[in-house]
Asker: 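Below is a structure I'd like to ask you about.
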Amino acid sequence: MRASSILFVLSCIGAQVSADAIKHENGIRRGLEPALRSHYEPNSSGTFKCLDGSKTIPYSALDDDYCDCPDGSDEPGTSACEGVGDQLFWCENKGHVPGKVRRSRVNDGLCDPECCDGSDEYATGACPNQCEEIGRAHREKLEAENKTRRTGSKIRSTYVKFAQNERRRLEDLIKTKSSEVVAKEVEVENARLNLERMETNSREALERKKGTPLYAFTLSQRLALGRLRTKTARLESELKDLRNILDELSKNYNPNYSDMAVKAAVKGFEELSKAADVVEGDIEGDTEASVEVYEEIQDNELDELERKDLDGLLLMDDLDMDDDEGDEGLLYKLDEYIPDSIYEYWATIRDLTIDWMIKLGLIRKSSKPAAVPSNSAEAPHVSAAREKHRNLSNELSKWRNEISGAQQTLGDMASKFGPDGEWKKLDGTCIDKVAGDYTYELCFFGRASQKSNKDSSSNHLGTWSKWEQGETHGSFEYYSTQYYEHGAKCWNGPQRSVRVSLTCGTQNALLSISEPEKCEYYFTATTPALCWPLDTDAKVSVKAEL
């Protein structure tokens with residue numbers, strides 16, 4: 001009886017010691033996150049309400065190594081509620097930064113790096129408190145990284161300034177060019193109307209010239225020339241066939257044959273051939289020929305005659321213009337020099353002047369100076385008008401393209417080149433690194449490539465595609481990873497691609513190259529563009545992660 005009483009007392013004392021071990025020396029429960037401490041304060045009724053509100057238990061049931069609450073909230077300092085929800089044990093880690101481990105790892109005899117103070121092994125005592133040493137090394141590393149970040153941030157500020165200047169330049173360009181485009185559009189339209197006027201006048205004048213007897217005669221001669229060439233070609237073919245027949249007959253006939261017609265034909269052919277040879281010999285020897293010889297016209301000369309642009313000849317015939325069209329043609333030539341703004345007034349005055357001069361007998365009545373359709377030669381003033389319209393149209397297109405390009409770049413400033421446009425400075429900048437038998441090159445927002453150090457061969461690894469889409473747009477993490485995709489296809493594999501992990505650095509440099517999967521490359525690089533200032537909330541989270 002006495003022995004059993006002693007055992008009961010000892011068990012009670014052990015339970016009390018175990019319960020006390022759950023608490024710090026200042027009374028705060030182990031593993032309890034500071035934000036939740038108010039929920040675990042004792043109350044007058046001596047009870048605890050589960051954090052999900054599903055159950056109320058005695059306060060003494062907290063951290064008794066038995067899971068009473070469905071959400072496991074009654075065991076913040078033990079592993080009793082393993083597998084219930086996402087239960088984490090909070091480590092204070094004095095001298096370092098707080099950490100968390102899963103409650104299932106509490107008192108498992110293993111030292112978790114998240115709890116450098118060993119508080120997660122309070123029952124086993126397996127892990128000493130190393131937070132002072134670890135915290136000091138962490139702070140030294142953090143200070144070195146912050147020093148790099150401060151230096152890189154200064155460089156980044158020059159990138160931001162470049163982007164600001166570029167943005168202002170583009171905005172000014174768009175504003176200036178937009179107003180110039182409006183004026184240029186009017187100028188192009190006036191040039192087009194002037195060209196159409198001149199082309200219309202040219203067509204009318206050309207049609208009038210085509211109605212002249214001389215043009216009709218020339219056209220008939222061309223048609224006759226074509227028919228004559230066809231007939232000549234046919235006769236030459238027949239003559240060739242006849243000569244072949246007679247030549248064969250001359251070689252193979254029997255002289256003793258009594259057919260006088262055949263003998264006469266052969267004899268006549270031989271005499272004709274001798275006469276032809278004499279003429280050719282006289283011509284080659286430059287002697288006086290006994291027969292009159294005409295120089296044969298060549299096929300290329302006939303081709304040239306048939307290809308001759310009759311419409312162009314009409315336009316180039318200045319004498320015809322002067323003699324047949326009259327003196328008022330000079331007034332029409334002045335059209336190309338008259339400004340568009342006063343052309344209508346000029347046309348009225350010009351026509352009235354011509355009418356009066358004809359009535360007074362000062363000039364002869366005639367047609368306007370010719371211009372031409374688009375498929376033939378053009379009169380000089382029409383060519384000048386066409387060239388003017390073409391040049392103005394090209395200039396207008398160039399200005400529109402400049403505006404479009406500037407607007408695209410301004411859009412990229414916000415969506416592609418970082419929150420402050422800082423990456424615009426690096427657009428097209430290339431960095432490289434030698435790794436083994438290859439030199440790897442990365443051109444920001446351009447291409448990634450692999451070049452052989454043994455020969456001139458090169459592989460396209462990918463073209464700029466995107467930032468890290470899995471992170472919030474505009475966040476530090478979003479701009480920490482770039483993707484270059486759709487590279488050259490691997491032999492019996494996928495298209496090559498590159499994922500680039502970026503960190504803050506004082507230089508733009510490639511640090512490492514690896515190929516974790518076939519034809520999927522992983523680059524690490526540093527850049528001042530990612531050295532965000534440390535004095536903003538967004539950067540503080542980065543600082544904590546470091």
Asker: After noting the C-alpha distance and the side-chain angles of Thr148 and Thr506, does the key distance pass the side-chain contact (heavy atoms from CB on, under 4.5 Å) rule?
Answerer: CA-CA 7 Å; Thr148 297; Thr506 57; 4.1 Å; yes

Asker: Taking Asn93 for its side chain and Asp117 for its backbone only, find out whether a donor-acceptor pair lies under 3.5 Å.
Answerer: yes

Asker: Go through the steps to decide whether Glu468 and Glu477 satisfy the test side-chain contact (heavy atoms from CB on, under 4.5 Å), and finish with yes or no.
Answerer: CA-CA 8 Å; Glu468 179 54 74; Glu477 294 78 10; over 6 Å; no

Asker: Any Lys/Arg nitrogen of Asp427 or Lys424 sitting under 4.0 Å from an Asp/Glu carboxylate oxygen of the other?
Answerer: yes

Asker: Please determine if Lys454 and Asp437 form a salt bridge, counting it only when a charged side-chain N lies under 4.0 Å from a carboxylate O.
Answerer: yes

Asker: Side chain of Ser157, backbone of Lys154: donor and acceptor closer than 3.5 Å?
Answerer: yes

Asker: Do Leu461 and Phe523 have side chains that get closer than 4.5 Å, going by heavy atoms?
Answerer: yes

Asker: Would you tell me whether Ser449 and Ser458 have side-chain atoms, one donor and one acceptor, within less than 3.5 Å of each other?
Answerer: no

Asker: Give yes when the SG atoms of Cys131 and Cys116 are nearer than 2.5 Å, otherwise give no.
Answerer: yes

Asker: Quick one: does any side-chain atom of Ser465 pair with a main-chain N or O of Glu485 as donor and acceptor, under 3.5 Å?
Answerer: no

Asker: If only atom types and distance count, is the side chain of Asp112 paired as donor or acceptor with the main-chain N or O of Glu114 below 3.5 Å?
Answerer: no

Asker: Answer yes or no: is there an ion pair linking Glu185 with Arg400, defined by an N-O contact shorter than 4.0 Å?
Answerer: yes

Asker: Do Phe444 and Ile431 touch side chain to side chain, with heavy atoms closer than 4.5 Å?
Answerer: yes

Asker: Looking only at non-hydrogen atoms, find the nearest pair between Leu170 and Thr409 and report the distance.
Answerer: CD1-CG2, 3.6 Å

Asker: Verify the neighbour count for atom NZ of Lys489: are there more than 12 heavy atoms of other residues, nucleotides or ligands below 6.0 Å?
Answerer: yes

Asker: When you measure from the side chain of Ser179 to the backbone of Thr176, do you find a donor-acceptor pair of N or O atoms at a distance under 3.5 Å?
Answerer: yes

Asker: Evaluate the side-chain proximity of Tyr484 to Val500: yes if any heavy-atom separation is below 4.5 Å, no if none is.
Answerer: yes

Asker: Is it true that, when you exclude Lys451 itself, more than 12 heavy atoms of the residues, nucleotides or ligands shown sit nearer than 6.0 Å to its NZ?
Answerer: no

Asker: Show your reasoning for whether side-chain contact (heavy atoms from CB on, under 4.5 Å) applies to Ser73 and Tyr40.
Answerer: CA-CA 10 Å; Ser73 58; Tyr40 289 82; 3.8 Å; yes

Asker: Count the heavy atoms belonging to other residues, nucleotides or ligands that lie under 6.0 Å from NZ of Lys49, then report whether that count exceeds 12.
Answerer: no

Asker: How far does CG of Asp420 sit from CZ of Arg167, to the nearest 0.5 angstrom?
Answerer: 8.0 Å

Asker: Distance only, no hydrogens: is a donor on one side chain within 3.5 Å (strictly under) of an acceptor on the other, for Tyr440 and Gln450?
Answerer: yes

Asker: If you look at every heavy atom in Asp52 and Pro70, which pair is closest and at what distance?
Answerer: OD2-CB, 4.1 Å

Asker: Let's go through Asp71 and Ser54 carefully: what are the C-alpha distance in whole Å and the side-chain angles of both, what is the deciding distance for side-chain contact (heavy atoms from CB on, under 4.5 Å) to 0.1 Å, and is it a yes or a no?
Answerer: CA-CA 9 Å; Asp71 63 353; Ser54 62; 5.6 Å; no

Asker: Does the side chain of Asn453 come under 3.5 Å of the side chain of Thr439 through a donor N or O and an acceptor N or O?
Answerer: yes

Asker: Distance to the ring centre below 6.0 angstrom and angle to the axis at most 45 degrees; does that hold for Lys466 and Tyr483?
Answerer: yes

Asker: With under 30° as parallel and over 60° as perpendicular, where do the rings of Phe445 and Trp423 fit, or are they tilted in between?
Answerer: perpendicular

Asker: When you compare the side chain of Leu110 with that of Arg105, does any pair of heavy atoms fall below 4.5 Å?
Answerer: no

Asker: Quick check: do Gln495 and Cys519 have side-chain heavy atoms less than 4.5 Å from each other?
Answerer: no

Asker: Could you tell me if the side chain of Trp467 sits less than 4.5 Å from the side chain of Gln482, heavy atoms only?
Answerer: yes

Asker: Do Glu166 and Phe417 touch side chain to side chain, with heavy atoms closer than 4.5 Å?
Answerer: no

Asker: Please check: side-chain N/O of Asn194 versus main-chain N/O of Asn190, any donor-acceptor pairing under 3.5 Å?
Answerer: no

Asker: Counting N and O atoms only, with roles assigned by atom type, does the side chain of Glu121 sit under 3.5 Å from a partner on the main chain of Asp108, one being a donor and the other an acceptor?
Answerer: yes

Asker: Which heavy atom in Ala61 sits nearest to a heavy atom in Ile57, and how many Å separate them?
Answerer: CB-CD1, 3.9 Å

Asker: Got a donor-acceptor contact below 3.5 angstrom from the Tyr122 side chain to the Gly77 backbone?
Answerer: yes

Asker: With sequence neighbours excluded, what pairs up with Tyr438 under the ring-ring contact (aromatic ring centres under 6.0 Å, His included) test?
Answerer: none

Asker: For the pair Lys398 and Glu395, find out whether any cationic side-chain nitrogen is under 4.0 Å from an anionic carboxylate oxygen.
Answerer: no

Asker: Taking Asp74 for its side chain and Asp68 for its backbone only, find out whether a donor-acceptor pair lies under 3.5 Å.
Answerer: yes

Asker: State the OG1-CD distance between Thr78 and Gln87, to the nearest 0.5 angstrom.
Answerer: 9.5 Å

Asker: Please determine, by modelled atom types, if Asn165 and Arg168 share a side-chain donor-acceptor pair under 3.5 angstrom.
Answerer: yes

Asker: Are Pro76 and Asp63 close enough that some pair of their side-chain heavy atoms sits under 4.5 Å apart?
Answerer: yes

Asker: Under the criterion side chain to side chain donor-acceptor pair (under 3.5 Å), which of Lys161, Arg156, Gln164 is the partner of Glu422?
Answerer: Arg156

Asker: Write down the atom of Val498, the atom of Ala448, and the distance for their closest heavy-atom approach.
Answerer: CG2-CB, 4.0 Å

Asker: How about NZ on Lys147, more than 12 heavy atoms from neighbouring residues, nucleotides or ligands closer than 6.0 Å, or not?
Answerer: no

Asker: Using a strict SG to SG cutoff of under 2.5 Å, would you count Cys115 and Cys127 as disulfide-linked?
Answerer: no

Asker: Which distance, rounded to the nearest 0.5 Å, do you find between the OH of Tyr159 and the CD1 of Ile155?
Answerer: 6.0 Å

Asker: Parallel, tilted or perpendicular: which fits the ring planes of Trp532 and Tyr479, with parallel below 30° and perpendicular above 60°?
Answerer: tilted

Asker: Do NZ/NE/NH1/NH2 and the carboxylate oxygens of Glu133 and Arg136 come within less than 4.0 Å?
Answerer: no

Asker: If I take atom CG from residue Asn508 and atom CG from residue Leu426, how far apart are they, to the nearest 0.5 angstrom?
Answerer: 5.0 Å

Asker: Ignoring hydrogens, what is the shortest heavy-atom contact between Leu511 and Lys433? Give both atom names and the distance.
Answerer: O-CE, 3.0 Å

Asker: Quick test of your reading of the model: are Lys184 and Glu187 salt-bridged, counting only N-O distances below 4.0 Å?
Answerer: yes

Asker: Would you please name every residue forming a salt bridge (Lys or Arg N to Asp or Glu O under 4.0 Å) with Glu75, sequence neighbours left out?
Answerer: none

Asker: Backbone N or O of Tyr478 within a donor-acceptor pair of the Ser475 side chain at under 3.5 Å?
Answerer: yes

Asker: Mind checking the OG-CG spacing from Ser119 to Asn129? Nearest 0.5 Å is all I need.
Answerer: 8.5 Å

Asker: What's the spacing between Arg29 CZ and Arg37 CZ if we round to 0.5 Å?
Answerer: 12.0 Å

Asker: In terms of SG positions, are Cys81 and Cys69 separated by less than 2.5 Å?
Answerer: no

Asker: State whether the number of non-hydrogen atoms from other residues, nucleotides or ligands found under 6.0 Å of Glu517 atom CD is greater than 12.
Answerer: no

Asker: My understanding is that only one of Glu33, Arg103, Arg102 makes a side-chain contact (heavy atoms from CB on, under 4.5 Å) with Phe89; could you say which?
Answerer: Arg103

